Amino acid sequence: MLFDGLNQSRDFDAIQSLFEELVQESSGNEVSLFSAYNRVIQFLAKAEKLEVSFCCFKKAQDYGFKIDTQTYNDLMMLFLNKSLPYKAFEIYESMQAAGCLLDGSTYELMIPSLAKSGRLDAASKLFQEMKERKFQPGFSIFASLVDSMGKAGRLDTSMKIYMEMLGSGLRPSATMFVSLIDSYAKAGKLDTALRLWEEMKAAGFRPNFGLYTMIIESHAKSGKLDLATSIFKEMEKAGFLPTPSTYSCLLEMHAASGQVDSAMKLYNSMINAGLRPGLSTYTALLTLLANKKLVDVAAKILLEMKSMGYSIDVSASDVLMVYVKDGSIELALRWLSFMGSSGIRTNNFIVRQLFESCMKNGLYESAKPLLENYVNSAAKVDLILYTSILAYLVRCQEEHNERHLMAILGATKHKAHAFMCGLLTGPEQRKQPVLSFVREFFQGIDYELEEGAARYFVNVLLNYLVLMGQINRARCVWKVAYENKLFPKAIVFDQHIAWSLDVRNLSVGAALIAVVHTLHRFRKRMLYYGVVPRRIKLVTGPTLKIVVAQMLSSVESPFEVSKVVLRATGDSVMEWFKKPIVQQFLLNEIPSRADILMHKLNILFPSSAPEIRSLTPPKPLIAGKGI
């Protein structure tokens, strides 16, 4: 009676004081005041006196007083309302330990709390226990379990509980539909999500803006564009304005699937709605238009992108790269012209790629301005690029194309070009012997950085010099290249046992020059110093075997041809070296046009035939002009 009166007057300090007195007096006797101290804790809990109520609860536990279910419920509700679920669970565990049976209200309280806090196994256990004790779960329990299980990815369990709820006669709420649809859509189970979507509408619920957006985007990202578009139109009819994210998702997926008309329609709809497309949307659309070779439309979109405040240099270069990689050189040149007229810059890497593509396709007139643009933008032509242009000149068979290629070589402004011009001029203009001139050039190469490039240059240069009939100059280049260890394993002297030359990694011209020059070295060693090895090998590999064998057979060489090697005994080669024709052959004294060697070369390189290419240096070189 005292506690009831104090509770009505809201004197909680007096309640606490009287509770302390009650505890002290009842601890020494067996008087049962079960109702009184449970009532005190309930009063304090309902008044949200969190610390005081919990303190009284602990004291009652310490003195062994029995706590009833209602008291446990009130305390758990208090802690849950104060966002302290872990304290509520602590009280729940105390309730279990005390053997106190839960009632329906405790289940309704704890199961949603456990589910929302992520303790799904505990919530499921209580749910099963509740049903076993013949308590009927309420809607809040079903809703919390369906939602929490779905968000945790336990879709089968979530659907089972949902079906159980329907079987119990309860109707799902709009929130539950949204939760289920969201869970299934995010898991990629779009058929189930769509079935729930239809059930939601059949139940009289109107999908909200967020649900429309989510279901459209999930279908679009999974490639179900027809269905996504249908729901998108339904969304517009329902009066919702799609977000830029929804537009972008649909547009980008249509672009990725190559549907130009649909993508452009979405883009125009987006612009007309006053929405600003994102950078990824513009990128996807421009890539689509580039792949479909719609240059004019892509240019229009790019300029609109610029008007929206975006930097367009990178996007324009990306479109250019699409054309370059696709081999659409004319479109690439057209797009580059548009970029130049619109003041859009591109990077030198793409310009170089386009230049190389033009060269590959024989568009030399278009290639030269690209190279000039490349050089004028402070980009440096490296030795590999210069050599690749020289390689095109070696293979060229039309005189007008040769002129274009010579002009392109001059436009590189590479030091190798000045070397080429000097190499093919006379000693009066060069003012130093060929060998010294070649050595001076090769001394200026940084072999740590350019060894591979220098090796490539030597191979192509020797092809060119052989085709031009410049055998002595070619031998100088080979000699200096060997001195600088560009081909360190080419020549091997194994004392008196075997001497060998390995030309497998050389071009045809380089291989022929290497064979002639090295045999000349072998001849000097054998005739002047009397050193004769047991055998001599020319390792050619399958590709160069026929070329070298044909050249040597023209002067009756003793070398026998096997699969990848030409070999002969040292004595037979010694006798062969004594023949005057061999001495002339190795010293290049045979007149070039009647020379059997050059005849063979004309067969190997059709463009070196006299009627197509003169074997004397071209006139511009003699005049000191660029190749």
Side-chain angles (χ1 to χ4, degrees), residues 220 225-226 228-229 232 242 244-374 376-377:
L225 294 178
D226 292 340
T229 304
F232 179 79
S245 171
T246 307
Y247 268 116
S248 297
C249 180
L250 271 174
L251 195 155
E252 288 171 27
M253 295 311 297
H254 276 94
S257 64
Q259 298 183 31
V260 178
D261 293 340
S262 299
M264 284 303 298
K265 188 176 180 181
L266 283 165
Y267 171 76
N268 291 326
S269 176
M270 192 176 187
I271 296 297
N272 293 335
L275 299 175
R276 183 174 184 257
L279 183 60
S280 62
T281 304
Y282 273 118
T283 301
L285 187 57
L286 285 169
T287 303
L288 170 65
L289 295 171
N291 286 326
K292 295 295 182 180
K293 299 179 173 53
L294 299 172
V295 178
D296 295 333
V297 182
K300 173 180 174 290
I301 297 297
L302 190 74
L303 294 177
E304 287 180 8
M305 180 181 175
K306 184 179 181 181
S307 68
M308 289 286 184
Y310 290 106
S311 173
I312 60 173
D313 289 355
V314 173
S315 298
S317 294
D318 288 344
V319 172
L320 179 58
M321 200 63 194
V322 169
Y323 292 135
V324 172
K325 285 183 176 180
D326 189 47
S328 304
I329 307 305
E330 291 183 6
L331 291 178
L333 291 169
R334 187 174 154 197
W335 182 260
L336 187 65
S337 174
F338 155 73
M339 289 174 66
S341 63
S342 303
I344 305 169
R345 295 175 299 172
T346 188
N347 61 63
N348 287 324
F349 171 78
I350 299 179
V351 172
R352 177 166 174 163
Q353 293 282 311
L354 181 54
F355 168 75
E356 291 176 357
S357 296
C358 285
M359 294 293 292
K360 186 177 179 181
N361 287 276
L363 302 173
Y364 302 131
E365 290 185 57
S366 301
K368 187 170 179 283
L370 288 171
L371 183 64
E372 290 170 341
N373 179 24
Y374 183 74
N376 293 335
S377 63

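These figures come from a predicted structure and were not determined experimentally. Excluded from the calculations below are hydrogen atoms, water molecules and symmetry mates; all remaining heavy atoms, backbone and side chain alike, are included.
- Listed by chain and residue number, nothing satisfies the ring pair (Phe, Tyr, Trp, His ring centres under 6.0 Å) test with Tyr374 (two or more places apart in sequence, or in another chain).
- Under the rule for a salt bridge (charged side-chain N to carboxylate O under 4.0 Å, His left out), Lys360 has no partner lying at least two apart in sequence or in another chain.
- By the side-chain hydrogen bond (donor to acceptor under 3.5 Å, both in side chains) test, Ser311 is found to be paired with no residue, residues two or more places apart in sequence or in another chain being considered.
- Glu304 CD to Lys300 NZ: the interatomic distance, rounded to the nearest 0.5 Å, is 3.5 Å.
- Taking each heavy atom of Leu286 and Met305 in turn, the nearest pair found is CD1-SD, 4.0 Å.
- In this structure, Met270 CE and Thr246 OG1 are separated by 9.0 Å, a value rounded to the nearest 0.5 Å.
- For the salt bridge (charged side-chain N to carboxylate O under 4.0 Å, His left out) test, no residue two or more places apart in sequence or in another chain qualifies with Arg276.
- Note: Ile271 CD1 to Leu266 CG = 11.5 Å, rounded to the nearest 0.5 Å.
- Residue pairs meeting the salt bridge (charged side-chain N to carboxylate O under 4.0 Å, His left out) criterion with at least one member in residues 258-268: none, sequence neighbours excluded.
- Residues satisfying the side-chain hydrogen bond (donor to acceptor under 3.5 Å, both in side chains) criterion with Ser317, sequence neighbours excluded, are Thr346.
- Closest approach of Val260 to Leu288, counting heavy atoms only: CA-CD2, 3.8 Å.
- Residues passing the side-chain hydrogen bond (donor to acceptor under 3.5 Å, both in side chains) test with Gln353, sequence neighbours excluded: none.
- Although no hydrogens or angles enter the test, the distance criterion places no donor-acceptor pair under 3.5 Å between the side chain of Trp335 and the main chain of Ala298.
- Pairing each heavy atom of Ile312 with each of Leu302, the nearest pair is CG2-O, 3.7 Å.
- From Ser357, atom OG reaches atom CG of Leu370 across 10.0 Å, with rounding to the nearest 0.5 Å.
- Residue pairs meeting the ring-ring contact (aromatic ring centres under 6.0 Å, His included) criterion with at least one member in residues 265-306, sequence neighbours excluded, are Tyr267-Tyr282, Tyr282-Tyr310.
- Identified under the salt bridge (charged side-chain N to carboxylate O under 4.0 Å, His left out) test for residues 334-349, with sequence neighbours left out: Asp296-Arg334, Asp313-Arg345.
- With sequence neighbours left out, Ser342 forms a side-chain hydrogen bond (donor to acceptor under 3.5 Å, both in side chains) with no residue at all.
- Smallest separation of non-hydrogen atoms from Ala367 and Cys358: CB-CB, 3.9 Å.
- The stretch residues 361-373 participates, sequence neighbours left out, in these side-chain hydrogen bond (donor to acceptor under 3.5 Å, both in side chains) pairs: Lys368-Glu372.
- In this structure, CG on Leu251 lies 6.0 Å from OG1 on Thr281, to the nearest 0.5 angstrom.
- Using modelled atom types, no side-chain atom of Glu252 and backbone atom of Ala284 make a donor-acceptor pair closer than 3.5 Å.
- Note that CG of Leu336 is 9.5 Å distant from OG of Ser341, once rounded to the nearest 0.5 Å.
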Less than 3.5 Å apart, which donor and acceptor atoms pair up between the side chains of residues 320-333 and the rest of the protein, not counting sequence neighbours?
residue: Asp326; atom: OD2; partner: Lys293; partner atom: NZ; Å: 2.7
residue: Asp326; atom: OD2; partner: Ser328; partner atom: OG; Å: 2.9

